[in-house]
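Notes follow the structure.
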Amino acid sequence: MTELDLLYSEVEEDLRSAVRAVLADRCPPQALLTRCEGPEPQDPGLWRTLAQELGVVALQVPEALGGAGASLRETAVVLEELGRACAPVPFLGSAVLATTVLLAAGDRAAGEWPALCAGDRTAALAVPLSTAPDAPFPLGVRADAAGGLTGAVTSVADVPGVGLLIVPADGPAGPGLYAVDAADVTVTARGSLDLTRPLADLRLDGAPGRLLVGPDQAEAVLWEALLTGAGLLASEQLGLAEWCLATTVAYLRERRQFGRVVGSFQALKHRLADLWLDIAGARAAARAAADALATGSADAAVLVAVAASHCGAVAVRAAEEAVQLHGGIGMTWEHPVHLYLKRAKADQLALGTPGRHRASLATLATLPAPGGPLPRMPHV
Amino acid sequence: MTELDLLYSEVEEDLRSAVRAVLADRCPPQALLTRCEGPEPQDPGLWRTLAQELGVVALQVPEALGGAGASLRETAVVLEELGRACAPVPFLGSAVLATTVLLAAGDRAAGEWPALCAGDRTAALAVPLSTAPDAPFPLGVRADAAGGLTGAVTSVADVPGVGLLIVPADGPAGPGLYAVDAADVTVTARGSLDLTRPLADLRLDGAPGRLLVGPDQAEAVLWEALLTGAGLLASEQLGLAEWCLATTVAYLRERRQFGRVVGSFQALKHRLADLWLDIAGARAAARAAADALATGSADAAVLVAVAASHCGAVAVRAAEEAVQLHGGIGMTWEHPVHLYLKRAKADQLALGTPGRHRASLATLATLPAPGGPLPRMPHV
Amino acid sequence: MTTADELVTRTAELLAAHDPAATEPLEFLRARFDAGLAWVHFPPGLGGLGAPRALQAVVDAELAAAGAPDNDPRRIGIGLGMAAPTILRYGTEEQKRRFLRPLWTGEEVWCQLFSEPGAGSDLAALATRAVRDGGGPDAGWTVDGQKVWTSSAHLARWAILLARTDPDVPKHQGISYFVCDMTDPGVDVRPLRQLTGEAEFNEVFLTGVRIPDAHRLGAVGEGWRIAQTTLNNERVAIGGQRTPREGGLIGILAETWRRRPELRTHELHQRLLQGWTDAEVLRLTGERLRQQLAVGQPGPEGAAAKLAFARLAQELTGLEVELLAEEGLGYGDWTMSRPELVDFTGRDAGYRYLRAKGNSIEGGSSEILRNIIAERVLGLPAEPRSDKDVPWKESAR
Amino acid sequence: MTTADELVTRTAELLAAHDPAATEPLEFLRARFDAGLAWVHFPPGLGGLGAPRALQAVVDAELAAAGAPDNDPRRIGIGLGMAAPTILRYGTEEQKRRFLRPLWTGEEVWCQLFSEPGAGSDLAALATRAVRDGGGPDAGWTVDGQKVWTSSAHLARWAILLARTDPDVPKHQGISYFVCDMTDPGVDVRPLRQLTGEAEFNEVFLTGVRIPDAHRLGAVGEGWRIAQTTLNNERVAIGGQRTPREGGLIGILAETWRRRPELRTHELHQRLLQGWTDAEVLRLTGERLRQQLAVGQPGPEGAAAKLAFARLAQELTGLEVELLAEEGLGYGDWTMSRPELVDFTGRDAGYRYLRAKGNSIEGGSSEILRNIIAERVLGLPAEPRSDKDVPWKESAR
């Protein structure tokens, strides 16, 4: 194992400050509440600001392609802030999942970068948001010899307003990842538990597709994209959990009952101390996963499994404690904490549940399940 | 499902009071500490008192055989009190496990009752204490055609001072349960985590055995004995947990730190409230299992699995909380709480761990495990 | 004492005199009340016969078998579970005669005006004021304040109301208990939307609401003590319900598990087995409580059943969403609506997950219930308090 | 500032002057101390060079490679982790010169006399009295009292001791900090047997123990403040250790799992996976803390590592006993013994299970650590206290 760097660099802290300032300005909790019931649950204006003013929608894209030439570590820092703000932007789908595939596609994706880096267009990976890295390659869409794609994909994240869809499909020569223009696909919105990350079902009827990654690499690239997504989602979960803890602490320092500040009651203090402890662990785990992914470490799969399972559970617990400790007010639609609860619960299912990630350690860490040989782990 | 009776009858409460008074007199905590490092970790004098003064060592044995003609419900009440006192007597081995087999053996066991009911002799079931009801029939001892038994059994409970051993063995016609005189067996004591329930390894070299239950019934009778044992052990665990809670509450009402009674600190109060809640559940579950076993209900296996898994975990938690909340004093050899911790942890392994009992619900309650058909459940 | 046989006879007489098939439901319910078969443990003349509470089941079974209408107890639960026992115990004869019959028949729905934005767990800190308006036979009270978390307020004819009548004494001593007319023009009911999207509750603004002194329940300043009766009855009602194995949320979960083998994993299986066991233990605990009540030995398990239920409901609904995976990411409908009844089973897993969050807050938070168990059941000392002996108006809030 | 290269050079010089193969270990250790390579962040002349703490690893690696003896840090952990930093910060020049060198070389073992039977979590309630005995150049203190939970007391030459020097002021203000000579005839060390059967700790009875004023550390009445340095150093020492993946208890458990497939069940597998993940998260948390310390940004994670470690150790050892099933029912040896070192890995699962219970009590209970995190890290208010401002002798105990 190489030495992991688990700290935040000065550059990363500067990046964090810049993103945090924009989000504080552009999506305060009250605006979130209004937006998520409106016609445009995601905020294209905010996306353009993130792209054009901060240049953070293509952080790990090489400068030669129009990106920032940074690493997945910086991308993870942005996700922490997006999680903290519960921000309604397609960052996970476009800047993480789709971008990982497009980078792996090399020259075949060259034409996509200008619009993506400028924030004029977003991309999404057409798999159900719940797809885990070790899931079998999806075969719900078939590609014909001419590149026409037919089939359906359900529960795809970050589709509203998307320009480019990356569709895994079963082609004549085997599995492939195809670029499809969203205009050629029938998109049906579906109700999402997470109001700030909408879902849609896709229907393709001979939609023209362009092969990005062919059968020799398609499974590995899709795995890499999902693994990267799951690993970086841990950073979003960390930011979300930090918001929940900080907001709850602030509330309990103000709220009085029984002639005392509620935050002075020991039972609540101990629960929050335990939560803080778990969040400290989430910070270390999320950083470890981001660093390992950034350096292409052979240990990345293990560290992603650890981070995804730990952070997924911690974010839910933080949000549930926040709702509970806000008392009645935390149950109201007007208070934004429910948006975090919904995001946390949906994130827990996204790209593999904590249990699913832990199960992958049976192979990755040689902790075999009862009976039978070790399951084969693809691409590791 | 027939209606369960989950209450304690007046007769049962009277029985409880009598047993409790004897135990308070004859094995107070300090005496326990002295005994468990002495040459006789179990207390034959106390056993005779329980037999002759209270008549509780053969409660569910019909009066015609010299027993009390009561039911397993009363036996469970006695176990609650024995658990509360962490009493060093072979009740589980003799009055529960062995007695269940002997009752099933009918006339073949007739000669054993006088000495057993009088408390002059105890019996033990020669299986490892950790054996779960759904374990395969043990084949570590072979019986020859003349009834000579050869083989070994490890970690048998309640052997010191035992007269009669009931040995499962693989005979010429199949599995059987044999009566063996303990004098014919090589007994080697082994260190036991539970200081008040010693363990021994048995070695048989052609020991004369008398067939109690033959191949047609042996598996079913052994299952019944282990199921009864696991179901009634829940009552011991209940009594143990109640002692731990009550002792901890009493200590925390006295102990002062920071100018306050420690029991007024809210974090501790909430933990003890949660523990009390789990113990209330343990009481209902243990009663349900005892009642179902007593009435021979078809639902007994489910209720035993529920009681064994819940009570096994609750007793350990109660003991662990007791140690923790007693602070340093709870870690000392002089304070008896460690005896309860050791009993609780050993009880958790005895006759199947909580996880093992829960797993049996996959079949019993039709909650199938992933993949494959339902495992077959013997004798249900 | 009235026996089961007598009740069977009386029920048969009621049915003979009022054929359910040929009688308006309301008319039948009034006749049932007048026959003392509404709640048999209530006194004669007030819908009961002074019989043991446990015998109600006999009457209910007979009437159900005969196809008689019921009074839709879920719709009028607050009246039945909270207002009625309080009125019975503290009300004047006139109040009992006026309120209990239409309460039980469902003609008049009741709601509860206790909690306030600044008085949740610390209910005794409530700030809604009731000021006496003059003397004489017309004397009454004028009430101003804001209440919150009021279910059924938009349907209710009457409310039980706690208001501060004396701010100069310590907070528990200056509260009185009233029956408030929800049709008073000073009562403004506004829906309070929850995280599920629904507005199951309301905020209630009280501005110059007039309450005649005859609608005061119990003595002036005794409101806190009387409210304890109301709240204890609420908790017993929750804990004492009889449920079959796999009743409620665990049943929904187990059914999904059986029907959809493709969702199963070993991790989820372990949690399912744990949840199933927990549900069964809770069911047995409730059953034991019920048996204790039936023989007149109420145990403290009642106060705890709500706590245990909340914990289990949150565990099971969280698990259900995870089990459903892709489907769990969805949510049926966020549109604001005003349900008359809360039905956990009728909507999707996401709704159940969110709604269950309220179980540990509404009707006494889990934190308050743990305090109660620790102090009243285990006898652990209360925490040091500074707010009990100072006049309410001087206390820090 | 001293660089890594300089340290490599100095270490080479030490090794050249004192060939480890040909030098008595104690002589080598003294030479190492005198060369400033004992703890490089200590000042010159006191075993260090005023170098960054992180560079110690460079020296250690060079010396280990050369086969040099070490000072057996586990045997003298209390001296290194608690006494030394406190003496460095609060000791006089003379105290530093007298105590630090034999402390570091291991010639003199140290123990800690803080806790008392009546002062555990509430350490400031301690009742051991130190009374000044006359004036003049011989002036000193006479100490009487009882201490408990003292590891190494039977091996120790010196103790750090908290005693009450002024009972007339509030409890935190009347405590002073001393160095106590464990060979004083008034010191009576008795083994304190634990639930494992071992007597790892001691009770220490102090009867008329004389301590010269020159062995007072810091000002009279400053003992509480100084003790905070000692305790913080203890916790940082616990949290800042570097461990490889599967180091410690999880490694033992994982090895058993791999070696013995017949013990595996799905329930245990799920708990193993959870425990493995928890252990890895804790390892990464410690590693992050270490990296923060190395760049001079100590985070609050240090205070929490002990809390997390105790939780994990108890979880893993409980699981190990369950995994072993029949074997878990056994226990190697209950005979009382007095181990010099606590070694979790050297005994059986039952021992580990029992010993781990102490992890959440010794060195600051988990409850006290949660208070510390809640108040110092999260900024939540302290509980109302009645014992801080009254004279110690009047406070309720």
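Below, chain A is the first sequence line, B the second, and so on; all start at residue 1. Computed from a prediction, not measured in an experiment: that's the story for all the values here.
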Yes or no on side chain to side chain contact (heavy atoms under 4.5 Å, CB included) for C:Arg370 and B:Leu272, after CA distance, side-chain angles and deciding distance? CA-CA 9 Å; C:Arg370 287 193 194 96; B:Leu272 291 172; over 6 Å; no
Output, in order, the C-alpha distance, side-chain angles, deciding distance and verdict of side chain to side chain contact (heavy atoms under 4.5 Å, CB included) for B:Asp274 and C:Ile373. CA-CA 9 Å; B:Asp274 281 336; C:Ile373 293 170; over 6 Å; no
Heavy-atom check, side chain of [X] versus side chain of [Y], under 4.5 Å:
| X | Y | answer |
| --- | --- | --- |
| B:Glu3 | C:Glu287 | yes |
| B:Leu245 | C:Leu378 | yes |
| C:Arg245 | B:Asp299 | yes |

Can you tell which part of C:Glu262 gets under 4.5 Å to a heavy atom of chain B, answering side chain, backbone, both or neither?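 Neither part; nothing is under 4.5 Å.
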Minimum heavy-atom distance between [X] and [Y], given as atom pair plus value:
| X | Y | answer |
| --- | --- | --- |
| C:Pro381 | B:Lys269 | O-NZ, 2.9 Å |
| C:Trp257 | B:Pro368 | NE1-O, 2.7 Å |
| C:Leu273 | B:Ala362 | CD2-N, 3.9 Å |
| B:Ala273 | C:Ala374 | CB-N, 4.3 Å |
| B:Arg358 | C:Thr277 | CG-OG1, 3.6 Å |
| C:Ala304 | B:Leu277 | CB-CD1, 3.0 Å |

Return yes if some donor-acceptor pair links the side-chain N/O of C:Gln270 with the main-chain N/O of B:Ala359 below 3.5 Å, else return no. no
Hey, which of C:Leu282, C:Thr265, C:Leu268, C:Leu263 has the most heavy atom pairs under 4.5 Å with chain B? C:Thr265
Checked C:Ser366, C:Pro244, C:Pro384, C:Ala254 vs chain B; the most non-hydrogen pairs under 4.5 Å come from C:Pro384
Check the pair B:His270, C:Asn371 against side chain to side chain donor-acceptor pair (under 3.5 Å), reporting the backbone distance first and the verdict last. CA-CA 7 Å; B:His270 280 202; C:Asn371 284 346; 2.8 Å; yes
Walk me through whether B:Leu6 and C:Gln292 qualify under side chain to side chain contact (heavy atoms under 4.5 Å, CB included). CA-CA 9 Å; B:Leu6 301 178; C:Gln292 287 179 303; over 6 Å; no
Interatomic distance, CH2@B:Trp276 vs CG@C:Leu380, rounded to 0.5 Å, equals 12.5 Å
Between CG of C:Leu284 and CZ of B:Arg287, what distance do you get to the nearest 0.5 Å? 12.5 Å
Go through the atoms of [X] and report whether side chain, backbone, both or neither lie under 4.5 Å from a heavy atom of chain C.
| X | result |
| --- | --- |
| B:Val249 | both |
| B:Ala307 | neither |
| B:Leu303 | side chain |

Pair C:Arg311 + B:Asp278: basic N to acidic O under 4.0 Å: yes
Are the charged groups of C:Glu383 and B:Arg260 less than 4.0 angstrom apart, N to O? yes
